[in-house]
Chemist: 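Before anything else, here's the structure in question.
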Amino acid sequence: MNTLERFTRTFSQISDTEVHRLRPQRLSIQVQDAGSSREVELVGPRSVIGAHPQTHLRVASESVSALHCELEVTDEGNVLLRDLNSKNGTWITPNVQLRHEALLSPGASFTVGSATLTLLKISDEAVLVSTNGQFGAMLGRGAKMGELFAYLSRVASNDIDVLILGETGTGKEVVARGIHDESARASGPFTTLDCTTIPKELAESTLFGHQRGSFTGAISDAEGVFEQANGGTLFIDEIGELPLDLQAKLLRALQDRSTQRIGDAGHRRPFDARIVAATHRDLRRLVNERRFREDLLFRLGAVEVIVPPLRSRDSSNIGMLSDHFLAECSSLRSDGSKLTLGRDALAALKSHAWPGNVRELQATIMASGAMAEVTSLRASDIRFRGSTSTPPPNITSVPLDEAREDFDRRYIVALLEQTGGNRSEAARRSGKSRNGLLQMLKRLRIE
């Protein structure tokens, strides 16, 4: 039995901290094409339709893109139809082309190439929900987060590569770290590669390493991130930003489980690391735009994790996360006072849209807690991004940049103390990339 088959089988097992719940998950679809008709069932929150053999519903036609459109089942029992920048479009009537997404109910039809697809029925399916309220360092309440945590526990226990999808700030790196910490590789390294910060001229060397003298500046042999991650997990953040030429080399590395250093022709070095990749981009759309390799997407996405945005989670998550961040902020106060949220402050937080997700909430709470002169925060103390409210008078005795730098320094020093100097862990807790934290340490002159 291969790893993916084992993962599929173990997902149905239930533990003492899990329950089943019924939710809309199963779609019955009638497909009519070239005079033939068939009925198919799709199970899961999202299903991709297209010409590629590995899509959930294949429509084999030259006029159909490899990844043409997708169906997403909502908790309310409706279905969202989205076009994925397909070459010939998705049509909801013979004369109306879908521009972005449409809400379908049973009986609705749409056209993909020459095929007409009709949604016949939406049925409930039993899914596992964790009652722990936590996975690794990720906190969450409600059925949606419980479902995610139950799924992640299965993902962590199987040594298979993972693709994490979600908006910026939802906590994709926290999920990746949790998968590592809950896996059999927990004692090994957790190595991070942020594709947004790799200098173009050093990208291949960063990934695969180089031999001394292989290019100007290569004064010694150097391991790539795959070798550095041996025995552990390699987290490739924002993989959608990786250039196409490196995507091809990455694909070969994943297939062969080996890499080749620059300047070391003919010698491939095996590596033993689990790959966890993440992106905020829609990779299916990038495939259709020829900006991401189709084969790499299917190689990475055998197991896919979707982290929901903060606005779609149970509203109790706002209070839970705010209390957690306030506790961190309290530890930085010189007087040791404990910060809490007043009722009106919590209401203000819950009414906010949070386009920056958990990362924005964390920044808001930390800034609000640092600037507040009271220990029970009021709505007027909440400093949303772009807020123009007047700061407390004791802050205005110094220039703004100096006040910000002082807070940043105290925050980072305290965080490093709490993590025993572990900069990767400090970066994770602060919501920054490791490279971002290192740049901050340099700016603040913290050794």
Side-chain angles (χ1 to χ4, degrees), residues 19-33 37-50 55-59 64-65 67-86 89-113 115-129 140-151 165-167 170 280 282-285 288 301 304-318 350-351 353-355 357:
V19 296
H20 278 110
R21 79 159 177 137
L22 292 175
R23 61 156 292 176
Q25 284 256 306
R26 184 180 295 272
L27 303 180
S28 298
I29 306 284
Q30 184 181 47
V31 182
Q32 293 178 301
D33 191 18
S37 178
R38 58 190 170 108
E39 187 175 325
V40 298
E41 285 197 331
L42 304 174
V43 180
R46 292 193 186 186
S47 301
V48 177
I49 299 169
T55 53
H56 301 98
L57 197 169
R58 187 184 185 196
V59 179
V64 176
S65 297
L67 308 173
H68 197 98
C69 60
E70 72 174 357
L71 298 171
E72 178 182 354
V73 187
T74 70
D75 281 337
E76 293 75 28
N78 295 310
V79 176
L80 283 173
L81 169 65
R82 294 191 188 92
D83 186 77
L84 299 174
N85 285 0
S86 60
T90 303
W91 300 77
I92 50 178
T93 73
N95 301 313
V96 178
Q97 184 176 359
L98 180 66
R99 291 302 178 190
H100 180 53
E101 64 182 31
L103 196 63
L104 305 180
S105 55
S109 297
F110 58 97
T111 301
V112 174
T116 298
L117 290 79
T118 302
L119 175 61
L120 300 177
K121 186 170 59 173
I122 307 170
S123 306
D124 288 343
E125 188 81 6
V127 296
L128 288 177
V129 178
R141 289 179 179 153
K144 182 168 289 189
M145 296 305 292
E147 190 176 324
L148 173 64
F149 294 161
Y151 185 74
L165 305 174
E167 296 178 10
T170 50
H280 75 284
D282 189 333
L283 296 183
R284 291 171 282 260
R285 291 179 181 269
N288 286 333
E304 191 176 272
V305 173
I306 301 173
V307 186
L310 185 56
R311 63 182 175 276
S312 73
R313 304 179 193 181
D314 189 287
S315 62
S316 64
N317 283 272
I318 300 292
K350 286 185 175 182
S351 66
W354 300 113
N357 292 295

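Excluded from the calculations below are hydrogen atoms, water molecules and symmetry mates; all remaining heavy atoms, backbone and side chain alike, are included.
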Chemist: Working to the nearest 0.5 Å, report the span between CD1 of I318 and CG of L310.
Modeler: 4.0 Å
Chemist: Of all the heavy-atom pairs spanning S312 and K144, show the shortest one and how long it is.
Modeler: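 It is O-NZ, 3.6 Å.
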Chemist: Run L103 and L80 through side-chain contact (heavy atoms from CB on, under 4.5 Å) and show every step you take.
Modeler: CA-CA 5 Å; L103 196 63; L80 283 173; 3.7 Å; yes
Chemist: After noting the C-alpha distance and the side-chain angles of L81 and C69, does the key distance pass the side-chain contact (heavy atoms from CB on, under 4.5 Å) rule?
Modeler: CA-CA 7 Å; L81 169 65; C69 60; 4.0 Å; yes
Chemist: For S86, check side chain to side chain donor-acceptor pair (under 3.5 Å) against everything at least two apart and list the hits.
Modeler: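 Checked S86 against side chain to side chain donor-acceptor pair (under 3.5 Å); matches are H68, D83.
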Chemist: With sequence neighbours left out, write down each residue that passes side-chain contact (heavy atoms from CB on, under 4.5 Å) with S351, or none if nothing qualifies.
Modeler: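 Result, side-chain contact (heavy atoms from CB on, under 4.5 Å) vs S351: none returned.
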Chemist: Can you name the one residue among V129, V127, D124 that meets side-chain contact (heavy atoms from CB on, under 4.5 Å) with R23?
Modeler: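 It is V127, the one option of V129, V127, D124 that forms the side-chain contact (heavy atoms from CB on, under 4.5 Å) with R23.
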Chemist: Please give me the minimum heavy-atom distance between R311 and A353, naming the atom from each residue.
Modeler: CB-O, 3.9 Å
Chemist: Just so I know, are the side chains of Y151 and E147 near enough to count as touching, which here means a heavy-atom distance under 4.5 Å?
Modeler: no
Chemist: Not counting sequence neighbours, which residues clear salt bridge (charged side-chain N to carboxylate O under 4.0 Å, His left out) with R313? List them please.
Modeler: none
Chemist: To the nearest 0.5 Å, tell me how far S65 OG sits from I49 CD1.
Modeler: 12.5 Å
Chemist: With sequence neighbours left out, write down each residue that passes ring pair (Phe, Tyr, Trp, His ring centres under 6.0 Å) with W354, or none if nothing qualifies.
Modeler: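 For W354 the ring pair (Phe, Tyr, Trp, His ring centres under 6.0 Å) partners, ignoring immediate neighbours, are H352, F384.
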Chemist: Contact between L84 and E70 at the side-chain level, heavy atoms closer than 4.5 Å - yes or no?
Modeler: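 The answer is yes; the side chains approach within 4.5 Å.
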Chemist: How would you list, by chain and number, every residue that makes a side chain to side chain donor-acceptor pair (under 3.5 Å) with T111, sequence neighbours excluded?
Modeler: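 Partners of T111 by the side chain to side chain donor-acceptor pair (under 3.5 Å) criterion come out as none, since no residue qualifies.
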Chemist: For T55 and G50, work out which heavy atoms get closest and say how close.
Modeler: OG1-O, 3.4 Å
Chemist: Is M145 close to P308 at the side-chain level, that is, under 4.5 Å between some pair of heavy atoms?
Modeler: yes
Chemist: Give every donor-acceptor pair under 3.5 Å between a side-chain atom in residues 38-46 and any protein atom, sequence neighbours left out.
Modeler:
unit_1 : atom_1 : unit_2 : atom_2 : d
R38    : NH2    : R58    : O      : 2.9
E41    : OE1    : R26    : NH1    : 2.8

Chemist: Answer yes or no: is there a side-chain heavy-atom contact under 4.5 Å between I122 and P106?
Modeler: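 Answer yes - side chains close enough.
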Chemist: Between atom CG of N85 and atom NE2 of H100, what is the distance when rounded to the nearest 0.5 Å?
Modeler: 10.0 Å
Chemist: Looking at residues at least two apart in the chain, or sitting in another chain, which of them share a side-chain contact (heavy atoms from CB on, under 4.5 Å) with A143?
Modeler: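 Scan of A143 (side-chain contact (heavy atoms from CB on, under 4.5 Å), adjacent residues dropped) gives R21.
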Chemist: For side-chain contact (heavy atoms from CB on, under 4.5 Å), just list the numbers for L128 and H20, CA-CA rounded to whole Å, side-chain angles, deciding distance to a tenth of an Å, and then say yes or no.
Modeler: CA-CA 5 Å; L128 288 177; H20 278 110; 3.2 Å; yes
Chemist: Taking all atoms of both residues into account, what is the closest heavy-atom pair of R141 and S316, and its distance?
Modeler: CB-OG, 3.5 Å
Chemist: Using side chain to side chain donor-acceptor pair (under 3.5 Å) as the criterion, list what pairs up with S109, not counting sequence neighbours.
Modeler: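 Result, side chain to side chain donor-acceptor pair (under 3.5 Å) vs S109: T118.
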Chemist: Are the side chains of V307 and L165 in contact, using a 4.5 Å heavy-atom criterion?
Modeler: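 Answer no - side chains too far apart.
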Chemist: Identify the heavy atoms of G77 and P24 that sit nearest to each other, and give their distance.
Modeler: CA-CG, 3.7 Å
Chemist: Looking at S47 and H56, what are the two nearest heavy atoms and their distance?
Modeler: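 Closest pair (atom of S47, atom of H56, distance): CA-ND1, 3.4 Å.
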Chemist: Given 3.5 Å as the limit, does a donor-acceptor pair link the side chain of N288 with the main chain of L67, or not?
Modeler: yes
Chemist: For D282, enumerate each residue passing the salt bridge (charged side-chain N to carboxylate O under 4.0 Å, His left out) test, keeping only those at least two apart in sequence or located in another chain.
Modeler: R284, R285
Chemist: Could you please spell out the steps behind the side-chain contact (heavy atoms from CB on, under 4.5 Å) verdict for L71 and L104?
Modeler: CA-CA 9 Å; L71 298 171; L104 305 180; 4.1 Å; yes
Chemist: Which pairs count as salt bridge (charged side-chain N to carboxylate O under 4.0 Å, His left out) when at least one residue sits in residues 92-112, sequence neighbours excluded?
Modeler: R82-E101
Chemist: Only counting residues at least two apart or in another chain, list the ones meeting side chain to side chain donor-acceptor pair (under 3.5 Å) with N317.
Modeler: none
